[in-house]
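Each remark here refers to the structure printed beneath this line.
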Number of protein chains: 2
Amino acid sequence: MTYTINEAAQQFGLTAHTLRFYDKEGLLPFVSRNASGNRVFTDDDMNWLKLICCLKDTGMPIKEIKQYCDWSKQGSSTIEERKALLASHRKEVLRQIEALKANAELLTAKIGFYEDPGNVRLVEELARRGAD
Amino acid sequence: MTYTINEAAQQFGLTAHTLRFYDKEGLLPFVSRNASGNRVFTDDDMNWLKLICCLKDTGMPIKEIKQYCDWSKQGSSTIEERKALLASHRKEVLRQIEALKANAELLTAKIGFYEDPGNVRLVEELARRGAD
DNA sequence: GCTTGACTTAGAGTGAACTCGAAGTGATAA
DNA sequence: TTATCACTTCGAGTTCACTCTAAGTCAAGC
């Protein structure tokens with residue numbers, strides 16, 4: 001099974017523009033072309049793209065993703081480096097999750113504050129003082 | 001207890017530049033000045049800033065945070081709007097957490113793949129074919 | 001009185017990640 | 001064969017959130 005750039009883009013919620021941009025940045029080193037020069041996305045490419053999107057969606061900068069791509073192109077001699085990069089990033093993602101959980105709790109508390117009708121008067125009072 | 005702009009910035013891992021930028025954007029509508037015209041951060045202001053940072057760190061754009069600030073300045077007539085904004089954003093944060101969890105699992109799987117020595121040969125083979 | 005240092009403003013500059021437009025190619029359909 | 005459509009490249013433009021610079025004020029210490 002193969003896909004055009006637009007089909008691939010659609011599957012990952014991206015645009016063809018963005019995929020070409022990623023290609024230019026070196027994030028799609030394995031995508032090949034057909035006789036007309038158009039990009040052809042294979043299932044392997046789609047799996048690769050899935051990892052790229054995973055890294056991007058978890059906040060890894062494009063430069064760092066490119067480093068991973070460069071290592072992949074170099075072959076099995078770089079497996080330790082790649083593993084280390086992913087492991088360190090995974091740790092970072094777990095940290096992000098904890099941070100988001102803490103922030104979600106703060107939001108819950110704030111919403112709860114607004115939900116208590118007794119606080120409405122307090123908000124008015126605090127607003128007069130200059131904060132809530 | 002009050003704080004200078006630098007003390008406030010430090011407490012939230014920001015710079016004074018960033019706090020002035022937030023002020024200019026309307027995110028700190030309650031921070032007042034001393035006789036010299038310098039910003040004075042009260043404990044109320046620090047709590048306010050904590051919420052602003054929570055919204056910012058969870059990906060809310062500055063424009064939307066400003067909307068919340070504008071509503072707060074308007075007083076208790078906007079409590080429903082504020083509550084709705086926070087509730088909707090909280091939902092979005094929970095969605096983010098789930099997305100990050102899924103991505104963390106993908107990373108775990110990928111790291112596990114690299115950890116199995118049998119896969120190293122596979123990586124070499126796949127690299128020859130143009131993907132891994 | 002002079003220096004130092006923390007603050008002030010306005011506005012320009014930066015970097016990341018797109019996002020778009022122009023101009024062109026190649027395959028298919030009427 | 002002419003139109004349509006999806007693709008191509010190159011490079012400029014946009015948005016966001018800072019980040020920094022320049023020029024200046026103000027209070028404290030020597």
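First the proteins, then the strands, lettered A, B, ... as listed; each starts at 1.
Remark: nothing in residues 49-66 of chain A comes within less than 4.0 Å of DNA chain D through any heavy atom.
One atom, CZ of A:R20, and another, C1' of D:dC10, lie 12 Å apart when rounded to the nearest Å. The distance from atom CG of A:L19 to atom P of D:dA6 is 16 Å, rounded to the nearest whole Å. Atoms CZ (A:R33) and C1' (D:dA6) sit 14 Å apart, rounded to a whole Å. Atom CG of B:N34 and atom C1' of C:dA6 are 11 Å apart (whole Å). Counting to the nearest Å, the P atom of D:dT8 and the CZ atom of A:F21 are 16 Å from each other. Rounded to an integer number of Å, the gap from CG of A:L27 to C1' of C:dC18 is 13 Å.
Within the nucleic acid shown, B:T15 has no heavy atom closer than 4.0 Å to any nucleic acid atom.
In the hydrophobic cluster analysis, where Ile, Leu, Val, Met, Phe, Trp and Tyr join through side-chain heavy atoms closer than 4.5 angstrom, B:F21 is grouped together with B:M46. Cluster membership check: A:L27 does not share its hydrophobic cluster with A:V40, using side-chain heavy-atom separations under 4.5 Å among Ile, Leu, Val, Met, Phe, Trp and Tyr.
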For a quick check, with a 4.0 angstrom heavy-atom cut-off, what is the B/S/- contact string for nucleotides 22-30 of chain D, read 5' to 3'?
----SS---
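Taking the centre and axis of the six-membered ring of B:Y68, the NZ or CZ atom of B:K66 falls outside the cone set by 45° and 6.0 Å. A cation-pi contact, defined as under 6.0 Å to the ring centre and within 45° of the axis, links B:K110 to B:Y114.
A sub-4.0 Å separation between OP1 or OP2 of C:dC18 and a side-chain N or O of A:Y22 is present.
Comparing C:dT8, D:dT8, D:dA17 against the side chain of A:N38 picks out D:dT8 as the nearest.
Partners of A:K83 by salt bridge (Lys or Arg N to Asp or Glu O under 4.0 Å), not counting sequence neighbours, listed by chain and number: A:E80.
Remark: the backbone N or O of A:A104 is paired with a side-chain donor or acceptor of A:T108 at under 3.5 angstrom. For A:D45 (side chain) and A:T42 (main-chain N/O), a donor-acceptor pair under 3.5 Å exists by modelled atom type.
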Output, in order, the C-alpha distance, side-chain angles, deciding distance and verdict of salt bridge (charged side-chain N to carboxylate O under 4.0 Å, His left out) for B:E98 and B:R95.
CA-CA 5 Å; B:E98 291 315 307; B:R95 204 199 50 72; over 6 Å; no
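Results of the side-chain contact (heavy atoms from CB on, under 4.5 Å) test with B:H89 over B:L94, B:T58, B:I65 single out B:T58 as the only residue that passes.
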